[in-house]
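Following: one structure in structure tokens, then a few remarks.
Since the model is a prediction, treat every value here as computed from it, not as a measurement. Below, chain A is the first sequence line, B the second, and so on; all start at residue 1.
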Amino acid sequence: MGRGFMVSIAEILKGRHTGKEVELRGWIYRTRSVGGKAFVVVRDATGIVQVALSRDSVPPDAFGAAEKALIESAVLVRGKVVEDKRAPGGFEIRADDFKVIHFAEKFPIQEDLSEEFLLDVRHLWVRSQRMTAIFRIRHTTFGAVHEYFRDHGFWEVHPPMITPSGSEGGSTLFELDYFGRKAHLTQSWQLYAEALVLAMEKIYYIGPSFRAEKSRTTRHLTEYWHAEMEQAWAGMDDVIKHAEGAISHACQRVAEERPDDVVAMGRTPEFLKAVKPPFERMTYDDALKILKKQGMDIEWGKDLRTLEERALTEGKSKPIIVTHYPRVTQAFYKARDPKHPDLVLAFDLIGGDGVGEIVGGSERETDLEAIKKGLKEQGEDPKAYDWYLDSRRFGSVQHAGFGMGMERLIQWICKLDHIRDAVPFPRTPARFAP
RNA sequence: GCCGUCGUAGCUCAGUCCGGUAGAGCCCCCGACUGUUAAUCGGGUGGUCUGCGGUUCGAAUCCGCACGACGGCGCCA
């Protein structure tokens, strides 16, 4: 064995090898035995299929091995593919040889498992059908976002992960010992993007960001993948179009390439195909009026909270966009609205199903003195940002950009209850292992 | 940062209110069964009851402290 016609389970289930003698390698998913027959359900990276063994049609040691091998043992099977209604999936392999490559120890994951235990054995749980479906959708989503930006003339450029300071306020930075000096893990490429955008004009990046926020919610990770873009000679409306475009493109690609996985997650490909621009748009003031009609009286200047975001997206099959937020509480680099000095040209793109903010973006402040003032208001020393301020001293031009949480996008596409399942090994305030 | 819930076999849990020899199902092991679908049936192995301290003749159970985890809010992507 091992030199025959090696096939994948997906091909078998499509009926491509029916009637043929094939070889298959994979891992035991379930086993059952009845007298002189053993049924071994085998999985590989493409699917699961039942292997049927008879005591008298395989070598004696092969039958014994099949009966003895525990779940997740690695196996090599040779046999004939037949269509059989009795088999789960409609196809099975009638084995004439069966070899155990590795006998697994007792696999700790059974039915009836607590969320906590599954997180403890995450390194084993990643083998599940559910997890691998999500990982495939994640793969397609990442590819689609790269594709979107490259197709629209953006350069992929890479900021450093180790930085002296942050952009969203110092309290959420992970500190690290840099040969005796304090350094931090990046929480956004913002400052570097604004330096690079004056060189490359249209830039993007997808990479990790780190936030030391003790947020115990279903949509926060301390380490997450951030898709960020920055564009020169552009305003808020220009980048909103790219946010809609990138998300729509990702939804189209996932619907086209992963329809089975989408269905497994409880969405339909049609739902994702309908996610096309433009998305419903409203100003912050509009949002407050809508909420007031629903009996939610929000004080002007307060950020929209989870409760309010849920109310606004209730029943919506596409994300919505809220623009023109009050300037108070916003980061220093966001541009004031020239028509309303109390507002900033900032927007959030908010997904339904409890996911909330997927994208946050803005036009950027171009005026040196306004930026310095904003930094001081945020409790920062402008001297520490002097290199960044050079972007406002040497050819400062209108520019805008956004950051998108890739796991939040995946959470929304896959309709996940919790963001941690959007990534193989989630990092949350309480857990950084395995 | 705030609020809440929980910790008993490898896993899921009961037992805690009202203190008295540690329980069930699944997993695993042994046996039976020639088409199982979470197979079924019979038998068996398996425990520092999260830790430390206190009350008591006696603590999984009552009290205190600690640790760990999960859920929700705030903040954000």
Side-chain angles (χ1 to χ4, degrees), chain A residues 29-41 48-57 63 67-68 70-71 82 84-90 92 94 104-121 124-125 166-169 171-172 187-190 206-228 243 247 302-310 319 329-331 347-351 354-361 402-412 417-420 422 428-431 433:
Chain A
Y29 187 67
R30 297 281 183 272
T31 60
R32 299 178 277 270
S33 77
V34 183
K37 293 230 174 193
F39 300 92
V40 180
V41 182
I48 61 174
V49 73
Q50 173 166 287
V51 176
L53 300 93
S54 289
R55 192 185 293 280
D56 34 8
S57 66
F63 192 82
E67 280 195 312
K68 202 177 126 202
L70 301 184
I71 286 172
V82 296
D84 192 321
K85 275 182 283 185
R86 294 171 296 182
E92 73 176 15
R94 302 273 165 77
E105 295 177 25
K106 194 164 99 179
F107 201 62
I109 300 178
Q110 321 288 342
E111 321 111 36
D112 287 339
L113 294 161
S114 65
E115 196 61 44
E116 181 182 343
F117 179 70
L118 288 175
L119 288 168
D120 288 341
V121 293
L124 300 174
W125 181 235
S167 61
E168 316 284 333
S171 62
T172 64
Q187 58 182 187
S188 163
W189 81 334
Q190 191 58 42
I206 306 178
S209 275
F210 306 88
R211 302 263 167 115
E213 298 165 0
K214 287 190 177 172
S215 303
R216 297 199 54 87
T217 78
T218 55
R219 59 202 175 280
H220 281 86
L221 295 168
T222 54
E223 175 187 299
Y224 67 98
W225 285 70
H226 211 166
E228 305 189 89
I247 287 175
K302 295 278 180 192
D303 222 342
L304 300 178
R305 297 172 304 165
T306 310
L307 192 68
E308 286 96 52
E309 287 183 351
R310 284 194 181 149
T329 77
Q330 294 284 332
F347 72 98
D348 282 350
L349 185 149
I350 302 166
V355 174
E357 186 178 344
I358 295 173
V359 175
F402 65 74
M404 173 161 71
M406 289 299 286
E407 284 80 9
R408 288 194 180 167
L409 175 59
I410 292 160
Q411 182 184 9
W412 184 76
D417 292 337
H418 202 297
I419 195 170
R420 64 183 160 221
T428 56
R431 189 183 278 277

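Closest to the A/R86 side chain, of the nucleotides B/G35, B/G71, B/C76, is B/G35. For A/L119, taking side-chain heavy atoms from C-beta onward, the closest of the listed nucleotides B/A69, B/A77, B/C70 is B/C70. Side-chain atoms of A/R219 lie closest to B/C75 of the nucleotides B/G10, B/C75, B/U36. Of the candidates B/C75, B/U12, B/C73, B/U12 carries the atom nearest the A/F117 side chain, counting heavy atoms from C-beta on. Side-chain proximity of A/R211 to B/A77, B/U36, B/C75: nearest is B/A77. Picking from B/A77, B/G35, B/C73 the nucleotide with the shortest atom distance to the side chain of A/F39 gives B/G35. The side chain of A/T217 approaches B/G74 more closely than any other nucleotide in the set B/C76, B/U36, B/G74. Distances were taken from every side-chain heavy atom of A/E92 (C-beta onward) to each of B/C75, B/G35, B/C76; the shortest belongs to B/G35.
One atom, CZ of A/R310, and another, C1' of B/C73, lie 11 Å apart when rounded to the nearest Å. Taking atom CD of residue A/E228 and atom P of nucleotide B/A77, one finds them 9 Å apart after rounding to whole Å. Between the CG atom of A/L124 and the C1' atom of B/C11 there is a distance of 13 Å, rounded to whole Å. A/L304 places its CG atom 15 Å from the P atom of B/C73, with the value rounded to the nearest Å. Remark: P of B/A38 and OH of A/Y29 are 10 Å apart, rounded to the nearest angstrom. In this structure, the CZ atom of A/R30 is 10 Å from the P atom of B/C27, given to the nearest Å. Remark: P of B/G71 and CD of A/E115 are 6 Å apart, rounded to the nearest angstrom. Spacing between atom CZ of A/F210 and atom P of B/C76 amounts to 21 Å, rounded to whole angstrom units.
On the P atoms, B/C65 is 23 Å away from B/G58, given to the nearest whole Å. Annotation: B/U40 and B/C63 have their C1' atoms spaced 49 Å apart (nearest Å). Comparing the same atom, P, in B/G46 and in B/A24 gives a spacing of 13 Å after rounding to whole Å. B/A59 and B/U55 have their P atoms separated by 11 Å, given to the nearest Å. Rounded to the nearest Å, the gap between the P atom of B/C62 and that of B/G15 is 12 Å. With P as the reference atom, B/G53 and B/G47 are 23 Å apart, rounded to whole Å. Distance check on atom P: B/C28 versus B/G19 gives 40 Å, rounded to whole Å. Going from the P atom of B/G25 to that of B/G42 covers 10 Å, rounded to whole Å.
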Distances under 3.5 Å between protein N/O atoms and the N/O atoms of nucleotides 28-34 of chain B, please, pair by pair.
from	atom 1	to	atom 2	distance (Å)
B/C33	N3	A/G35	N	3.2
B/U34	O4'	A/G36	N	3.3

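Base pairing of B/U50 is made with B/A66, judged by Watson-Crick or G-U wobble geometry with both donor-acceptor distances under 3.5 Å. Applying the Watson-Crick and G-U wobble criteria (two distances, each under 3.5 Å), B/G71 pairs with B/C3. Using Watson-Crick or G-U wobble geometry with both donor-acceptor distances under 3.5 Å, B/G35 finds no partner in any strand shown. Base pairing analysis places B/U16 opposite nothing; no Watson-Crick or G-U wobble pair with both distances below 3.5 Å involves it. In this structure, B/G10 and B/C26 make a Watson-Crick or G-U wobble pair, each of the two defining distances being under 3.5 angstrom. Using the Watson-Crick or G-U wobble rule with both distances under 3.5 Å, B/U61 pairs with nothing in any strand shown. In this entry B/U21 has no Watson-Crick or G-U wobble partner, no candidate having both defining distances under 3.5 Å.
Ion pairing between a basic and an acidic side chain is recognised when a charged N comes within 4.0 Å of a carboxylate O; A/R420 and A/E115 show such pairing.
Residue A/S215 places no side-chain atom within donor-acceptor reach of the base of B/C76, judged by atom type and a 3.5 Å distance cut-off alone. Below the 3.5 angstrom threshold, one finds no donor paired with an acceptor across the side chain of A/R216 and the base of B/G4.
A/A38 comes within 4.0 angstrom of no nucleic acid atom, judged by non-hydrogen atoms across all strands. Counting any heavy atom pair closer than 4.0 Å across all strands shown, A/D348 reaches no nucleic acid atom. The residue A/E407 sits apart from the nucleic acid: no heavy atom pair falls under 4.0 Å. At the heavy-atom level, A/V359 lies under 4.0 Å from the strands shown only through sugar-phosphate atoms. When heavy atoms are screened at a 4.0 angstrom cut-off, A/R94 is found touching base atoms of the nucleic acid.
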Practice task
Take A/R32 and A/Q50, measure what side chain to side chain contact (heavy atoms under 4.5 Å, CB included) needs, and give me the verdict at the end.
Solution key: CA-CA 10 Å; A/R32 299 178 277 270; A/Q50 173 166 287; 3.3 Å; yes
Exercise for the section: Starting from the C-alpha separation in whole Å, work towards a yes-or-no answer on side chain to side chain contact (heavy atoms under 4.5 Å, CB included) for A/T222 and A/R431. Expected result: CA-CA 10 Å; A/T222 54; A/R431 189 183 278 277; over 6 Å; no
Practice task
Check step by step if side chain to side chain contact (heavy atoms under 4.5 Å, CB included) holds for A/H220 and A/T428.
Solution key: CA-CA 7 Å; A/H220 281 86; A/T428 56; over 6 Å; no
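Pairing each heavy atom of A/E105 with each of A/L70, the nearest pair is C-CD1, 3.9 Å. Residues A/V355 and A/R408 come closest through the heavy atom pair CG1-O, 3.5 Å.
When the nearest nucleotides of RNA chain B are assigned to A/R305 and A/Q50 by heavy-atom distance, the more 5′-ward of the two goes with A/Q50. Each of A/E309 and A/R431 has a nearest nucleotide on RNA chain B; the 5'-most of these lies closest to A/R431.
Here A/Y224 lies parallel enough and close enough to stack on the base of B/A77, with planes under 30° and ring centres under 5.5 Å apart.
For the atom pair A/H418 NE2 and A/L221 CG, the distance stands at 8.0 Å (nearest 0.5 Å). With rounding to the nearest 0.5 angstrom, the CD1 atom of A/I247 is 4.5 Å from the CG atom of A/L349. If you take OG on A/S54 and NZ on A/K37, they are separated by 3.5 Å, rounding to the nearest 0.5 Å.
Looking only at side-chain heavy atoms (C-beta outward), A/F347 and A/V359 come within less than 4.5 Å of each other.
With 3.5 Å as the limit, one finds a donor-acceptor pair spanning the side chains of A/R211 and A/Y224.
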